[in-house]
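Here the structure is laid out as structure tokens; the discussion comes afterwards.
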Protein chains: 2
Amino acid sequence: MSQSAYLTAYEAIRDQILNGEIPRGQKLTEDKLASELGVSRTPVREAIRKLEEEGLIKKKKVVNPSETDLRNIFHVRSLLEGDAARSAAEYLSEEKLIRLKECVKIGRNGTVDEIMAANKDFHEIIVQSSNNPFMADVIERMNSIIYLFRKTVVYHNRPFLIDEHEKIYDAILKHQPDQAEELMKKHLRADLEFCLRFIRVE
Amino acid sequence: MSQSAYLTAYEAIRDQILNGEIPRGQKLTEDKLASELGVSRTPVREAIRKLEEEGLIKKKKVVNPSETDLRNIFHVRSLLEGDAARSAAEYLSEEKLIRLKECVKIGRNGTVDEIMAANKDFHEIIVQSSNNPFMADVIERMNSIIYLFRKTVVYHNRPFLIDEHEKIYDAILKHQPDQAEELMKKHLRADLEFCLRFIRVE
DNA sequence: AAATTTAAAATTGTATACATTTTATGATTT
DNA sequence: AAATCATAAAATGTATACAATTTTAAATTT
């Protein structure tokens, strides 16, 4: 194996949580995971710690975020990504504009997996446009939770998802910062509300 | 010793960095720290990892943040604390308003240490008013860097520091959310610019 | 039967040993 | 002398052992 045991453990545990193989609320024990993954406790320990930072695990248990938790996380995400969209509207390279448009296109015609990836890219391109690696880092730390949501909206075909992306793209293209920020915030709010209804029903 | 070795190590290393006992840019080695602190490498390892998350250490070296880094961090802080100030202006309990005012008062009459503490409290009360523990968490993770700055502005008597606090307090008291947000952002920008000039000169 | 206590098992925290990788040093070549 | 390579030293990653703590379950008391 070329990868470090720590990374292997981190990815395996994260994926198992996100896929639902490890159910919400379940307590994780280092020993069990270690033998399952064929590594020792040390790297598992570090992996768990990292997942705790990311908010996927809390007190050794897989989190079961409440509605309030999700609203709180999305509020922060809105502030940051809203600001990033504003930056993008102020300036975005030709090349990134093209990639952004490509994401919209795939969003309309791609397979589910392609749409998942395009959705991720769309937001990442905008975040990176802020040229603020620290901000990107903070958002990166919400990634696991964001992934859960992205899965919900894509797999359940949230209405207007791609239309909203296109509108945001237009605002960025036309250099309308206020517009872009407002649209991004609305977009994320719509994601949140859709997911909340869904998670409650499921 | 009642505290865990991990916490002991974390606090000791953090304090040594913030006090300048461990200079910027210095490489940290687990072994050396472990024997200095009288614990084994394991808890030191975990402490370093946590400090890396907080941004005080990067790639085992004590960070020497560039001007750009500091601007980036403060940009994020502004977005979040600006929003928190807005929340506070919408509603803040009687008790917290009193504590906020007290912070302003100490800012004018207290000793340096008291001012340091009051300054910290002032911002913390406002952040907590947002009722968003997740946001508080994100800000908490910037704490070490923020502490460095607070030290600079307080110890070097930045002009208008307390005046700005008072204006923010007034806006919150009078329920002026836009005002409060704008003033908070200006306040943080002023902190940043003051510190940048200082750090370059020093 | 419910509550309390006690013993055990399980789990985590810490130390240590060993393996692997990285870094520094100095010898050798050009 | 500069560059390249080989070797040693240092540091990190990982595994394992043991200690301390927490959890669980059973036994005892009320």
Side-chain angles (χ1 to χ4, degrees), chain A residues 1-18 20-65 133 137 140-141 143-144, chain B residues 1-65 137 140-141 143-144:
Chain A
M1 188 160 329
S2 60
Q3 238 187 172
S4 71
Y6 154 68
L7 242 188
T8 307
Y10 165 73
E11 289 176 354
I13 298 170
R14 183 198 57 191
D15 291 351
Q16 283 181 33
I17 293 175
L18 295 178
E21 287 171 53
I22 302 178
R24 311 264 179 102
Q26 173 143 336
K27 175 143 187 231
L28 300 175
T29 70
E30 297 172 3
D31 229 355
K32 222 172 126 211
L33 286 169
S35 49
E36 269 174 36
L37 302 172
V39 299
S40 83
R41 267 179 59 213
T42 313
V44 169
R45 229 180 132 67
E46 303 195 341
I48 288 178
R49 197 172 267 280
K50 176 154 169 91
L51 289 164
E52 274 180 336
E53 288 147 36
E54 287 186 10
L56 258 199
I57 295 177
K58 218 157 239 171
K59 288 229 11 132
K60 311 275 162 183
K61 284 188 186 162
V62 176
V63 292
N64 202 348
D137 232 66
E140 164 74 28
R141 248 180 248 137
N143 225 14
S144 297
Chain B
M1 186 155 336
S2 60
Q3 240 187 167
S4 72
Y6 153 67
L7 242 189
T8 307
Y10 166 72
E11 289 176 354
I13 298 169
R14 183 198 57 191
D15 291 351
Q16 283 180 33
I17 293 175
L18 295 178
N19 294 334
E21 288 171 53
I22 302 177
R24 311 265 180 102
Q26 172 142 336
K27 176 145 187 229
L28 300 176
T29 70
E30 298 172 2
D31 232 353
K32 222 173 123 210
L33 286 169
S35 50
E36 269 175 36
L37 301 171
V39 299
S40 83
R41 267 179 58 213
T42 313
V44 168
R45 231 180 130 67
E46 303 195 341
I48 287 178
R49 196 172 268 282
K50 176 154 169 92
L51 289 164
E52 274 181 335
E53 290 146 34
E54 287 186 11
L56 258 201
I57 296 177
K58 219 158 240 172
K59 288 233 5 135
K60 310 276 162 184
K61 283 189 187 160
V62 176
V63 292
N64 203 347
D137 233 65
E140 164 73 29
R141 250 180 245 138
N143 225 17
S144 298

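All chains are named by letter (A, B, ...) in the order of the sequence lines, taking the proteins before the strands, and each is independently numbered beginning at 1.
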All N/O pairs under 3.5 Å across the protein-nucleotides 22-25 of chain C interface:
none

Please report the distance, rounded to the nearest Å, between NZ in A:Lys60 and P in D:dT23. 12 Å
B:Pro65 and B:Arg24: which non-hydrogen atoms are nearest, and at how many Å? CD-NH1, 4.0 Å
So that I can tick it off, tell me whether B:Glu53 and A:Lys50 are bridged by a salt bridge, with the cut-off set at under 4.0 angstrom between side-chain N and carboxylate O. no
Once you round it to whole Å, what is the distance between P of D:dT12 and NZ of B:Lys61? 12 Å
With a cut-off of under 6.0 Å to the ring centre and 45° to the axis, is B:Arg45 in cation-pi contact with A:Tyr6? no
Figure out the CD/P separation between A:Glu46 and D:dT14, and round it to whole Å. 7 Å
Can you check whether A:Asn143 reaches A:Glu54 side chain to side chain, under 4.5 Å on heavy atoms? no
Does any part of the side chain of A:Ile17, heavy atoms only, come nearer than 4.5 Å to the side chain of A:Ile57, both counted from C-beta? yes
Minimum heavy-atom separation for A:Ala9 and A:Pro43, please, with both atom names. CB-O, 4.3 Å
If I take atom CD in residue A:Glu52 and atom C1' in nucleotide C:dG13, what distance separates them, rounded to the nearest angstrom? 14 Å
Are side-chain heavy atoms of A:Thr8 and A:Val39 found at a separation under 4.5 Å? no
Smallest heavy-atom separation, B:Gln26 atom then B:Lys32 atom, equals NE2-NZ, 4.3 Å
Of residues 28-45 of chain A, the positions that come close to DNA chain C - non-hydrogen atoms, cut-off under 4.0 Å: A:Leu28, A:Thr29, A:Glu30, A:Arg41, A:Arg45
Between P of C:dT20 and CD of A:Gln3, the distance in whole Å: 18 Å
